[in-house]
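Note on naming: letters A, B, ... go to the chains in the order of the sequence lines (proteins, then strands), and numbering restarts at 1 for each one. Small disclaimer: the values here were computed from a predicted structure and weren't measured. The figures here come from the full heavy-atom set of this structure, side chains too, leaving out hydrogens, waters and symmetry mates.
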There are 2 protein chains.
Amino acid sequence: MPRPKGKSELLTTVELEFMMVLWSIGSGTVREVLQGLGGEEKRAYTSVATVLKVLHDKGYLSAKKVNRAILYRPTLSKTEYEGKTLKSLSATLFNGTPTALVARLVDDEDLSEETIKEIKDIIDTRFGR
Amino acid sequence: MPRPKGKSELLTTVELEFMMVLWSIGSGTVREVLQGLGGEEKRAYTSVATVLKVLHDKGYLSAKKVNRAILYRPTLSKTEYEGKTLKSLSATLFNGTPTALVARLVDDEDLSEETIKEIKDIIDTRFGR
DNA sequence: ATTCAAAAATTAATAAAATAGTAGCTCAAA
DNA sequence: TTTGAGCTACTATTTTATTAATTTTTGAAT
């Protein structure tokens, strides 16, 4: 398929999975990321190496040689990526209006009283009342 | 076109694009959806037919024969899909906590005063104050 | 009944995402 | 200085997504 170039360039499922590990450990080599993936999926070492290389090519990771290995480090924080994702989602599904997104969120999840209060507090704290 | 395997997660980019049309027009045949896509992409008739068939196989569309054509209709409302998407996003990126999602949203988008008020109102309306 | 156009069904081609095998480099230890 | 463990680079394969051509079916008009 023609790759969606010029678009927001979000991560694929597997890329995101790997980035989660790196966001968690700060930086890591292929082996360390492989370790961090938690025995479930049992990928081959080279599979991990390939994806990390792709992420580096895409600019999501910086690469620094440490001894023989390459140490990868995110160039984008998880927080920044979260924002990027939300903006993209807002644009595609919610007509670019965060309001609609919030409305949907509080409707669908069955939120506890605590959660509701937390959300209220966030809004109030950010923008005063 | 390889049919998707059992686990029907979220919609792909193109599938979503097509569903948007159907959510907009309520229901439609292949030709009507093709029309609704707005001259931009200029897909072939059969491309549209294939994707709609896939969406039907995935259960996102019901199909009813009308004259010679098949009339497709969403089995899931856009609203419901929005909720599904948010839940998925919340799970993968925000550790399942809507709070974190809202926090990120109000931080990243630069919201107008109006928008902020709207969001506040939504929270207050839904859960009293 | 025959023809024909419009539609569905089938099949195929192309592309991207995901996984991993193979080759070859490099450095430390024997 | 040879060896081999550990690594990257390169290549290959498989699966999924996207697009579309080809074939078959259908039903209405002639």
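Residue A:Thr50 is in base contact, counting any heavy-atom pair closer than 4.0 Å across all strands shown. Using a 4.0 Å heavy-atom cutoff across all strands shown, B:Val30 reaches sugar-phosphate atoms only and no base atom. A:Ala49 comes within contact range of no nucleotide atom at all, as no heavy-atom separation falls under 4.0 Å.
For the pair B:Lys65 NZ and D:dT26 P, the interatomic distance rounds to 7 Å; values are reported in whole Å. Computed from coordinates, the A:Leu11 CG to C:dA16 P distance equals 17 Å when rounded to whole Å. For the pair A:Leu10 CG and C:dA16 P, the interatomic distance rounds to 17 Å; values are reported in whole Å. Atom CG of A:Leu52 is separated from atom P of C:dA17 by 16 Å (rounded to the nearest Å).
The side chain of B:Ile70 lies closest to C:dA9, out of C:dT19, D:dA17, C:dA9. Side-chain proximity of A:Arg68 to the nucleotides C:dA7, C:dA18, D:dC7 is greatest for D:dC7.
Each of B:Ala44 and A:Arg31 was matched to the nucleotide of DNA chain D holding its nearest heavy atom; the match closer to the 5' end belongs to A:Arg31.
Within the 4.0 Å cut-off from OP1 or OP2 of C:dT19, not a single side-chain nitrogen or oxygen of A:Ser47 is found. Proximity of A:Tyr45 to the phosphate of C:dT19: no side-chain N or O atom is located under 4.0 Å from OP1 or OP2. Under 4.0 angstrom from either OP1 or OP2 of C:dA20 there lies no side-chain N or O belonging to A:Thr46.
No hydrogens or angles considered: a donor-acceptor pair under 3.5 Å links the side chains of A:Ser77 and A:Glu80.
Put simply, the side chain of A:Glu15 gets close to the backbone of A:Thr12: a donor and an acceptor are under 3.5 Å apart. Using modelled atom types, no side-chain atom of A:Tyr45 and backbone atom of A:Leu34 make a donor-acceptor pair closer than 3.5 Å.
Under 4.0 Å is where a charged nitrogen must lie from a carboxylate oxygen, and between A:Arg43 and A:Glu17 at least one such pair does.
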